[in-house]
Structures are given as structure tokens and as C-alpha cells.
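What follows is a set of notes on a single structure, which appears directly below.
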Amino acid sequence: MGKPNDLVQGTLDLLILKTIALEPKHGWAIAKRIQQVSGEILQVQQGSLYPALHRLEQQGWIRAKWAESETGREAKFYSLTAAGRKQLDAEAANWKRLSEAINLVVETA
Amino acid sequence: MRFFEKFRMRFQMLFRGREAKRLDAELAFHLEQQTQENIGAGMSPEEARYAALRAFGNPTRLREQARENWSWSRMEPLINDVRHGIRTLARTPGFSLIVILVMTFGAGATIAMFTVVHSVLLKPLPLPDIDRLVQVYEADTISKFDNNPVAGGTFESWQQGSKSFEQLAFGWYDSEYNLASSNGQLPERVKAAVYSWTTLPVLGVRPAYGRFFTADDDHWGAPGTTVLTWGFWKRRYGGDPNIIGHSIILDARPYTVVGILPAWFTYPDPRVQVWTPVRPVVPPQVMEEHAAHNFDVIGKLKPGVTQAAAQAELSGISAQERKLFPDGPVFNAANLRPLLDAETYDVKTPLYMLFAATACLLLIACLNIANLLVARSASRHRELAIRAALGGSRARLIRERMTESVLLSAAGGVLGVGFAQVALQWLVHLRPDLPRVESIHLDAVAILFAVGLSFVCGIGAGLAPALGEKDQQVIRTLQESSRSVSGSRHSVRLRRVLLSAEVALTVVLLIGAGLLLRSYQRLRSVDIGVPTRNVLTMSLSLPEGQYGQQWKPDPRKLVFYEQLLERVRALPGVRAAGLSTMLPGAGDGEDDAITIHEDPPLPKGDWLDADVRWVDPGYFRVMQIPLLKGRYFSDDERLDRNQYAIVSESFVRQIMQGRDPIGKHVDDSNNGQLKDKTAAGNEIVGIVGDVRREPDEPLRPTVYYPLYGGLRSDLMLAVRTASDPSSFALPVQKMIAQIDPNLAVSDVLSLDDVIGKSTIAASFDATLLALFAILSLMLAAVGLFGVLSYIVTQRQGEIGIRMALGAQREQVLRLMLLDGLRPAMIGLVLGIVASAATTRLIQSLLFGTQPLDLSVFMLVTFLLLLVAAIACLVPAWRASQLDPMQALRTE
């Protein structure tokens, strides 16, 4: 395991919301998916993942349901709520604006 | 939606145990997945599991981090605090009990008084458009009259000239009827509201059954109609709606019941049983009269018209009236008051004063508790310092102690509500004369107030000692040897400050109570002008249908007077019996503008005012009112030979300016042409001693006329008895029933009781305030005792050293005594200054006593010093008895 790349603060929420936007996933799958899609660059630590999931659930942005996983065991699947979908759009737009701004600075200066 | 989600989550979080298991399952599933993957990558199962665990980190920590996001997680330490607090408090049950008890009294009294103030003074009357309803009085810009009843003529002028009101209404509510016996029910005196037909619509009430009055019911000569109040209808007629259309006999005249008032309607007085229209009992001349002030006037302002504008308009009309009718007491202005304000005018100051007193008491209780908590926290100093050193955050430590005090005050608050309930029942029982007494209930607002109060008190009492602790002291506290010689100076100083505040408040309460008690004592010792022992009194009203109208001479009345007096005087044990329209000390008065025929007319707009009474010839002897000059009335001064008068001593002084009145002629203006006035007036034949209307009223010039003129129907019977007057109540009432079985008698009381009733408010205020003051004095004494005991314990080592170095026991005693008395002295001075500034506020409640009454201030100072000295003496004595060896050895 390499040294995990620190996520920009607040982006984990965005990543989680985006990852479960297509279909419900359990915690392990969410971490795995982020890792894969980012080309193994983004490593989500369990220590951040589960508190984040529980926080998002308390906020009413995601909803959890116990269902059978692909291995046949009961697992907790997270999916987006309607409010979560709005939140995802807002955070995605925000991220886009921010990253473009940073790019501008980095490339021009 | 999101709100709903959140709510659902919160609800789930209530079942924490289940949620915790689920979290474990979730984390275990993750571990398993990782392990599986590791095995897939070629590791041995054991190796795979360790690798997964390594990647996973500390599962406990992770679990905690996840749980922190749960909704109630912030509550968790609070619940722990509460548990911890209860445990700590249970360890010292004595302390906790005392604090809770103190809080119970303080909070209970405050909640009770708040309920009274809220129910009586603040809660709007339950009438629609209450903000547009006003009470209207006549006022005068020259003399000091400003809340005078309104004259009939003036009312009519207002009615015609004013554009500010939707409707004006007039009448009187202190009227009574004799309800004849019917269907085997006894006759009774019923309180009546006699008002114009416009009144009930102005008040916005609708009939529960039937209808209200119309203009057709409300004119001179109209047949009798009546509307019954709900309670009376239920009680007397069993709630039978068929009573509508039937007649009931009031004052020996039939009145047709036209409607029933709704149950909620208790204006103007819950004791009112029937309503009748006013104009049928008011001769038309009265409604042209501008000098005879008879009526209570209510108005409903048009929307958008301010009270000030309406007042200006009515005053303008009155000023015109005065120009048109310059003779006699015609007033030139109007005074408007909101209806509620008018009703509660007299009790406002005393109720607010008592509320302020309970608030003071509660504050003292809180200060006392704060004081005790400081002592506790001082003894836990080291424990707290250690916890702070180990990383307990200051906020957390403060919160923990606040939880304790909030717990205590919450317990006190809950018990206080119970206490308030009992106190309110007692109070309502004691003061049925309070306006709106029927609306006094512990309602939601009062409970809310109680909850808020408990929290504020708890936080306030807890904050003082908690903030007194300084963080920086941690090291010093830990370094301090256990043999601290000086003790913790800081908490001692804090306690002294709290104690001074407590003593200061106590002094304010004591001085207030002292002033009221002194007033009450003065009030009770006032000589009302007649011996009051063994006098039975009762009130009678001769029904018009049977004895003729009031003010019209009628021989039937005369027959009744004489028969009654003769038979009552013949009862064994009766020394004497007399009749009058008013008795001394009974409170009410009947006064009138009078003229002396022989004197030159007074300047326009000026008039003389005197009390007027009608008495039988034997009355002065019965009441033992001394004859100073001339003669009493004689038996044959009756009917048309009634043009005589007797005047009081103060009449001679104030109206005649000391000249001899005998042989002069006096006349009064009341009721205009109603009375058969003679051109000559009434010849003054005698001068008698003064009597008072009420103990707290000044002497008023009084004119007595012969009752045997046969004018009056409202009578007071006074019977001087050989022994306890109450044992004569029944025989006398039976005798009256023999003469006229339909005549109801009311207010059967001894004269002492009558006077007691008129001073009940003063006695009540004084007693309650004295009670509060004594309670707070006790609290302050306990506080002083506690603080000095604590200081003595703290300074044990120092005292031991002093004694070892040769200090005498008396010196130690004096030293400690002064130490304890210093905060008391400071508090005393502050309290006296505060009292001097505040007692003016209760000036209107004082009688014959100045707000800065020196003797009260001196007495309170002495009492406080005495109590403080006693409270300090015990611990100081104990200090002086210390064995120096023992003291130095003890740690």
C-alpha cells in the first residue's frame, strides 16, 4: 500500500455521492470503485469512508438499505435520495468551478 | 423531503443498540471483502486477514468516528452528565434536599404570583374587539376628580355629540334585587347588572338561548325584562330553556326572561346573576341631570379611532356642558381607560409589588444555592484541578457543574408548580374580592414560565461558582500543600459578595413588609367613630312593587321600619337596634353636592360635597355617636314633616368653617327633581360626632336626614347585642321573615367583620410580604452561618497558630464574628440604600406611614444585625473553642 493521496477537503462527499449515483453500493464497493476509476490514485481510507457515509446519511442525502451482496452476504447498500441528487449537482458544479480556477492559476502563472 | 429523511434517521437513532450492531456488521463485511480480495491476490487466509486489518486501522476508533455522526451523539455526554449529577447529588442528600426545598418555595411563590399577575392583569378579557372597548369616566380639569361616574345628562350629550364610538353603553353593576321565593325555593338577594340595551352588543356577546334586550325593552315605563347568566340559570332553574318567556319576581315586580347569557361570559363580575335594562328604573329627569353622577359608561371605539382622540372629543362636549350648566358639580372633561385597566386599577400596584417580592425571594434562594455550590466546588477543588490537568476541558467541567444546579432547580421547579397550585387555591379562597379571581388558573403560560424560570435559575446559580474557578489556578492548586493555611481566598471572596447581595435583598423585603405592617396596624387602630364590639349588621332592600319606589315617600316603608325596629328591640339580649342607609366602616358612601340656603351662592363651577345618610331617630344612640349640640331627630319627624337634618362635626369644620350650623338650612342636589325638595331646605337641628366610611379614609362632612321621611328602600340594620353578635343572626333573620317572607337579607356580618373586610387587602398584602421577608431572612441567616462555618474550617490552621502565639479566645471570637458580620453590614447598607430608592413605589399602599419611616428602617436594621449576629455567633464560638494543638495537627 502506497502512501494514500490526501483528498482535498470536502471532496470525499462529492466522490461518494457520484459513485452511488448510478446504482446502490455498499461501503467496500464504494471505496473500490473510487480507487479503480481514479486509476488507483485516490485511496479512500476506511477511517474516513464510514464516518462520511454515516454523516451523509444523517444529513438525509443518502439512504441505506440492507440487502444481499454479490457474495450472498447481507450488506449495507447506500443510494442517493432526491435531496442527495441535488446536493451532488451542486457539489459537482462547485468542484468544476474550483478546479478550473485552480487550473487557470497553475497554468498561467 | 430532506426534513423527513433526517427525521426518520433521528427516530432510528433512538434505538442505538440496534444501530451499533448494524455498524459492527457493516464494518465486519468490509473486512471480509478485503480479506477475500487479499486471498484472491494470493495471500494465505491468515495473512490476508492481518493485511485487511492493517489497512482497516483501529476498528474501535473507526466505530467511534462513525458514531459521532449520529444525531444524538452530542446528547450522549449530556446524559452522562445528568447521570453523574444525580449520583453526585445523591451522595449528599441533605444538601440536595435543602436546595430543592429552598427552590420549591422560591419558585413556587414566584410561579403563583406570576399566575395571578398574568391571569388578572395581563390576560385580555375574553371579549371580542377588547382593544376597542373602553371605560369612560367624567373628569374635571380644576378639581382632582378623574374617575368619576357619569351623569345621565352628560351621557346623553356624549351619545348625541360623539362620532368616535360605534356605540356607547351605560348602567351600573352593583345593584341587587330581591328574588321572591318560587317553586319552594327560598327568596334570595341576587346581584344584578343594570345596563342599557346597547351594552351586551357593545361587549360583543351573543345569547346562548333566546335574545338580548332591544330598544323596546329599554325605556321608562317598559315592562320588566331580564337576561339570566348561565350559572344562575343552571343553579336556580336547572338549565330549563322553557324559562324563556316566563316571568320571575324581582323586587316584587314581574320580569320576563328573554334570554340566557353564554357560560363563558362573567363580565363585569362573576357574582352577577341577572341583567336588566337600565332605563325602566331611571326616571327621564335623571337622564337630563348633569350634576348627579350615577353611571358606569362603556364604549366601543370605531376602528381606527384612538383612545386619545375619543377622549379629546368627549372632553370637548363636556366643556360645552359646563358652560351651559354652570351650577353644581358639572365636570368639564372625560377620561378613558381600556376596559381591563379600569377593572384592575386598584389591585395593580399590590399585585406587581407582591410579584416583585416573590422574584426577590427567588433571587435570594438562587444566591443561597450559588453560595452552597461555591462551598461544594471549593471542597472539590483538587479533584477538579486534577481532572483539568488530565485534559478535561474547562467547558466540560463547567457544564458538569451546571448540570448539577439545573437538576436541582428543575426538581425545585416541579415541586414549585405543585406548591404554586396549593398557594393559588389558598389565595383565591382568601381574596374572593380580587377582580377576575375566577380566571386564576395554572395554565400553559404559567407552566412555560415555570420551566423557563427553573432553567434560568439553575444556570444562573451554577454559573456563578463555575466561572469563579480560574483555569490558571490549576497548577497552584495542585502545588498547594494540603496544609493550606489561608484556604482558597477566591471562593471565600465570591461567597461574601453573594452573601452581601442576599442580605441587601432581604433588607429591601423586610423594610417593605415593615412599612405595610405598620400601615395595617395604623389602619386597624383607626377609630371609626363608634364602638364596634357586639354589633350585628345586615342589609335589606325593600322591593318597589310592595313598598313603593325609592325616593318616593311611602307610609308602607314607614310601617316596615317601625315594625322591624320594635320587634328586634324586643328580642332578648338585644340592647338596641337602628336603621340607616349606610353604616360606618362599611366602605361604600353616598355623597352629594349640597347647598346652605343662608349662605351666599358659591362662584360658578364650585360646589360643596358631603356624605348623606338617612337614619331612624334612635340610630345615634344605638351606634353611640355622641350628640355635641342641639338634638336628635324625634319620632314624629316623619313623612312630610321630614325637613330636618343633623350634621357631623367635620361638616361644621369644613363646610361651615366653624360657624354654628343650627337653624341653618341644608339641601342636596342628588337625583334632581326626584326628591320632594322644599323651598326652605332641611333645618339643621343638631351636631353629632364624626364617623368614618372606611378606616383609611379621611373624615368627611356628613349630613343625616330623617329615615322616617319614608324615602329610602336600601337599608342597613344595626343591632347592638349583649353577647356574641353572630348568635343573633338567625333570630333576627327569622323575625324579618315573619314580617315579610319574601324579603331577602344579605351581608349578615358583625361590624368588626365589616371593618375587617374593608381592610382585608391591606392585611393580605402585609401578611404575604411579611411571610416572604421572614423566609428570606431565614435564608440569609442560613447563608451567613454556612459561609462563616466554612471560613472557620478553612482558617483552622491559622487560628491554631494565632492561639499558639498567645491570642486570647475572646480575640479569636471577635475576629471571626467581625469576619462573618462584614458581608452582612455591607448588604445592610446596600439594602437600606435600595429601599430608600424603591419604597416610593408602594406609597399608594401605605396608610399613615411615610415611605422612609425611620422607625421601620431602624427596626429592620436592628433585627437584621441581631439575626446576623446569632447566625455568626455559633461558628465564631466554635472557632474560639478550638484546641490549638488539635487545630495545628489536623490537616
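Everything quoted here is computed from the prediction, not taken from an experiment. What's counted below: heavy atoms across the whole structure, side chains too, no hydrogens, waters or symmetry copies. Numbers restart at 1 for each chain; the letters A, B, ... are given by sequence-line order, proteins then strands.
- Residue pairs meeting the salt bridge (Lys or Arg N to Asp or Glu O under 4.0 Å) criterion with at least one member in residues 16-27 of chain A, sequence neighbours excluded, are E23(A)-K25(A).
- The distance from the CZ atom of F29(B) to the NZ atom of K76(A) is 13.0 Å, given to the nearest 0.5 Å.
- In terms of the side chain to side chain donor-acceptor pair (under 3.5 Å) criterion, T88(B) has no residue partners (sequence neighbours excluded).
- Contact of K32(A) with chain B is made through the side chain alone, with heavy-atom distances under 4.5 Å.
- Going from atom NE2 of H26(A) over to atom NE2 of H30(B) covers 10.0 Å, rounded to the nearest 0.5 Å.
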*Could you please spell out the steps behind the side-chain contact (heavy atoms from CB on, under 4.5 Å) verdict for E74(A) and E26(B)?*
CA-CA 9 Å; E74(A) 282 269 296; E26(B) 187 180 13; over 6 Å; no
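- Paired with W28(A) under the rule side-chain contact (heavy atoms from CB on, under 4.5 Å), one option of E32(B), Q36(B), E37(B) passes, and it is E37(B).
- Heavy atoms of L31(B) lying under 4.5 Å from chain A are absent altogether.
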